[in-house]
Trainee: 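Mind looking over this structure? Questions follow.
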Amino acid sequence: MNTKDRAREIHARLKGRYPAPAPALDWTNAWELLVATVLAAQCTDERVNKVTPVLFERWPDIASLAEADVAQLETVVRSTGFFRNKAKNLKAAARRVVDVYGGEVPRTMADLITLGGVARKTANIVLSNAFNVHEGIAVDTHVKRLSFRMGLTANTDPVRIEKDLMPLYPRAAWGEINHFLVYFGREVCPARTPKCASCELNDICPKNGVGK
DNA sequence: ATCCCGAGGG
DNA sequence: CCCTCTGGAT
């Protein structure tokens with residue numbers, strides 16, 4: 001089976017397994033999703049969902065976070081790790097959204113990645129989930145690991161992986177590719193001990209990346 | 001390539 | 001102890 005056929009087959013089977021993927025992060029608007037996604041770097045979504053209610057209680061909108069006391073913000077986001085970077089980046093991002101984008105979260109990749117702490121992965125998540133705009137595919141730790149193991153890419157650099165994945169799927173599916181691979185990665189094919197014996201993709205998996 | 005960095009699992 | 005968690009900047 002060639003790469004494109006395998007990619008389509010993976011998508012079809014995962015779509016059957018996850019017919020209506022529920023979002024893992026809790027959010028009610030684009031700004032909340034942006035904040036939650038920044039906090040999710042090297043951190044479980046479960047922990048992010050415990051922090052964001054406290055954060056949005058104290059700083060309910062973009063304008064208030066732009067004026068936040070950084071030390072207080074650090075305390076609130078501390079348990080998500082990288083807390084100094086995250087606090088500094090979030091306040092600066094809020095400041096820039098207010099000053100440059102009229103208080104509205106920008107809706108393009110080019111504008112989103114001008115915000116500190118926001119690169120392609122975070123921008124793709126916000127664009128596809130909050131705005132239904134698909135400029136690319138969000139490549140996080142799960143998408144990276146699964147794409148390599150399933151032979152959809154020979155690269156390890158997230159930007160190259162994204163460029164390898166994009167031509168394999170119709171643009172309308174770019175958003176759900178992330179969801180499917182994240183959930184499947186968690187439940188069946190985690191980094192450390194993949195459940196190959198009970199995996200429904202076993203027959204089409206080259207297994208060329210397991211253990212790496 | 002290296003640093004940022006806490007929390008939970010094995 | 002070591003590894004991993006929906007990364008990004010230098």
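Numbers restart at 1 for each chain; the letters A, B, ... are given by sequence-line order, proteins then strands. Hydrogens, waters and symmetry mates play no part in the numbers below; they use all other heavy atoms, side chains included. Model, not experiment: these values are computed from the prediction.
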Trainee: Verify whether one side chain among A:Glu187 and A:Tyr18 offers a donor that lies under 3.5 Å from an acceptor in the other.
Mentor: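 Checked: A:Glu187/A:Tyr18 side chains pair up, N/O donor to acceptor below 3.5 Å.
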Trainee: What's the CG-C1' distance between A:Asp157 and C:dG7, to the nearest Å?
Mentor: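 For the pair A:Asp157 CG and C:dG7 C1', the rounded distance is 13 Å.
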Trainee: CG of A:Asn89 versus C1' of B:dC3: gap in Å, rounded?
Mentor: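 Those two atoms, CG and C1', are 14 Å apart.
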Trainee: Round to a whole Å and report the spacing from NZ of A:Lys50 to C1' of B:dA7.
Mentor: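 That distance rounds to 11 Å.
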Trainee: Would you mind reading off the distance between A:Lys144 atom NZ and C:dT4 atom C1', rounded to a whole angstrom?
Mentor: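 So the NZ-C1' distance, A:Lys144 to C:dT4, works out to 13 Å.
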Trainee: Do A:Phe82 and the base of B:dC5 stack face to face, with centres under 5.5 Å apart and an angle between planes under 30°?
Mentor: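 Whether judged by distance or by angle, A:Phe82 falls short somewhere, so it does not stack on the base of B:dC5.
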Trainee: If you only use heavy atoms from C-beta on, which nucleotide in C:dT4, C:dG8, C:dT6 is closest to the side chain of A:Ala191?
Mentor: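 My answer, after comparing the listed nucleotides, is C:dT4.
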Trainee: Using atom CD1 of A:Ile125 as one end and atom P of C:dG7 as the other, report the distance to the nearest whole Å.
Mentor: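 So the CD1-P distance, A:Ile125 to C:dG7, works out to 10 Å.
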Trainee: Verify the contact: side-chain N or O of A:Arg47 to OP1 or OP2 of B:dG6, cut-off strictly under 4.0 Å; return yes or no.
Mentor: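 So the side-chain polar atoms of A:Arg47 never come under 4.0 Å of the phosphate oxygens OP1 or OP2 of B:dG6.
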Trainee: Kindly state each residue pair satisfying salt bridge (charged side-chain N to carboxylate O under 4.0 Å, His left out) with at least one member in residues 116-144 of chain A, sequence neighbours excluded.
Mentor: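 Qualifying pairs, neighbours excluded: A:Arg120-A:Glu162.
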Trainee: Assuming nearest nucleotide by heavy-atom distance, tell me which of A:His142 and A:Leu115 is located more 5' along DNA chain C.
Mentor: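 First, find each residue's nearest nucleotide; the 5'-ward one identifies A:His142.
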Trainee: How close do A:Val76 and A:Val51 get, heavy atom to heavy atom, and via which atoms?
Mentor: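 Heavy-atom minimum between the residues: O-CG1, 3.5 Å.
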Trainee: What residue among A:Arg6, A:His11, A:Arg13 forms side-chain hydrogen bond (donor to acceptor under 3.5 Å, both in side chains) with A:Glu9?
Mentor: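 It is A:Arg13, the one option of A:Arg6, A:His11, A:Arg13 that forms the side-chain hydrogen bond (donor to acceptor under 3.5 Å, both in side chains) with A:Glu9.
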Trainee: Please report the distance separating the P of B:dC3 from the corresponding atom of C:dT6, rounded so that it comes out in whole Å.
Mentor: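 Looking at atom P only, B:dC3 and C:dT6 are 24 Å apart.
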Trainee: Under 4.0 Å: is that the gap between some side-chain N or O of A:Thr122 and OP1 or OP2 of C:dG8?
Mentor: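 For C:dG8, OP1 or OP2 has a side-chain N or O of A:Thr122 closer than 4.0 Å.
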Trainee: Going by distance alone, is a donor N or O of one side chain under 3.5 Å from an acceptor N or O of the other, for A:Thr153 and A:Arg160?
Mentor: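 The answer is no; no qualifying pair exists.
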Trainee: Round to the nearest Å and state the distance from A:Arg145 atom CZ to C:dC3 atom P.
Mentor: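 So the two atoms are 16 Å apart, to the nearest Å.
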Trainee: Would you indicate, yes or no, if C:dT6 has its OP1 or OP2 atom less than 4.0 angstrom from a side-chain nitrogen or oxygen of A:Thr141?
Mentor: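 So the side chain of A:Thr141 is outside the cut-off, no N or O lying under 4.0 Å from OP1 or OP2 of C:dT6.
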Trainee: Does A:Val118 reach a base, just sugar-phosphate, or nothing at all? Heavy atoms under 4.0 Å.
Mentor: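 It contacts sugar-phosphate atoms only.
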Trainee: Would you say that A:Cys189 contacts A:Phe184 through its side chain, given a criterion of any heavy-atom pair below 4.5 Å between the two side chains?
Mentor: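 Sidechains of A:Phe184 and A:Cys189: in contact.
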Trainee: What is the nucleic acid contact for A:Arg186, judged by heavy atoms within less than 4.0 Å: base, sugar-phosphate only, or nothing?
Mentor: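 The residue A:Arg186 makes base contact.
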Trainee: How many Å lie between NZ on A:Lys88 and P on C:dG7, as a whole number?
Mentor: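 Rounded to whole Å, this separation is 18 Å.
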Trainee: Which pairs would a plain distance check flag for residues 31-42 of chain A, meaning a side-chain donor or acceptor within less than 3.5 Å of a matching protein atom at least two apart in sequence or in another chain?
Mentor:
from: A:Glu32; atom 1: OE1; to: A:Thr28; atom 2: N; distance (Å): 2.9
from: A:Glu32; atom 1: OE1; to: A:Thr28; atom 2: OG1; distance (Å): 2.9
from: A:Glu32; atom 1: OE2; to: A:Thr28; atom 2: OG1; distance (Å): 3.3
from: A:Thr37; atom 1: OG1; to: A:Leu33; atom 2: O; distance (Å): 2.7

Trainee: Taking the nucleotide of DNA chain B with the closest heavy atom to each, which residue, A:Asn85 or A:Arg192, is nearer the 5' end?
Mentor: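 Result of the comparison: A:Asn85.
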Trainee: Please list, by residue number, the residues of residues 23-46 of chain A whose heavy atoms come closer than 4.0 Å to an atom of DNA chain C; answer none if no residue qualifies.
Mentor: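 Output list: A:Ala24, A:Ala40, A:Ala41, A:Gln42, A:Cys43, A:Thr44, A:Asp45.
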Trainee: Taking for each residue the nucleotide of DNA chain C with the nearest heavy atom, is it A:Gly117 or A:Pro190 whose nucleotide lies nearer the 5' end?
Mentor: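 Nearer the 5' end of the strand: A:Pro190.
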Trainee: Can you tell me if A:Asn124 and A:Asn178 form a side-chain donor-acceptor pair at under 3.5 Å?
Mentor: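 No pair is found: no donor N or O on one side chain lies under 3.5 Å from an acceptor on the other.
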Trainee: How close or far is atom P of C:dG8 from atom CZ of A:Phe83, stated in whole angstroms?
Mentor: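 Going from CZ in A:Phe83 over to P in C:dG8 covers 20 Å.
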Trainee: Among the nucleotides C:dT4, B:dG6, C:dG8, which one has an atom lying closest to any side-chain atom of A:Arg78?
Mentor: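 Shortest atom-to-atom distance from the side chain points to B:dG6.
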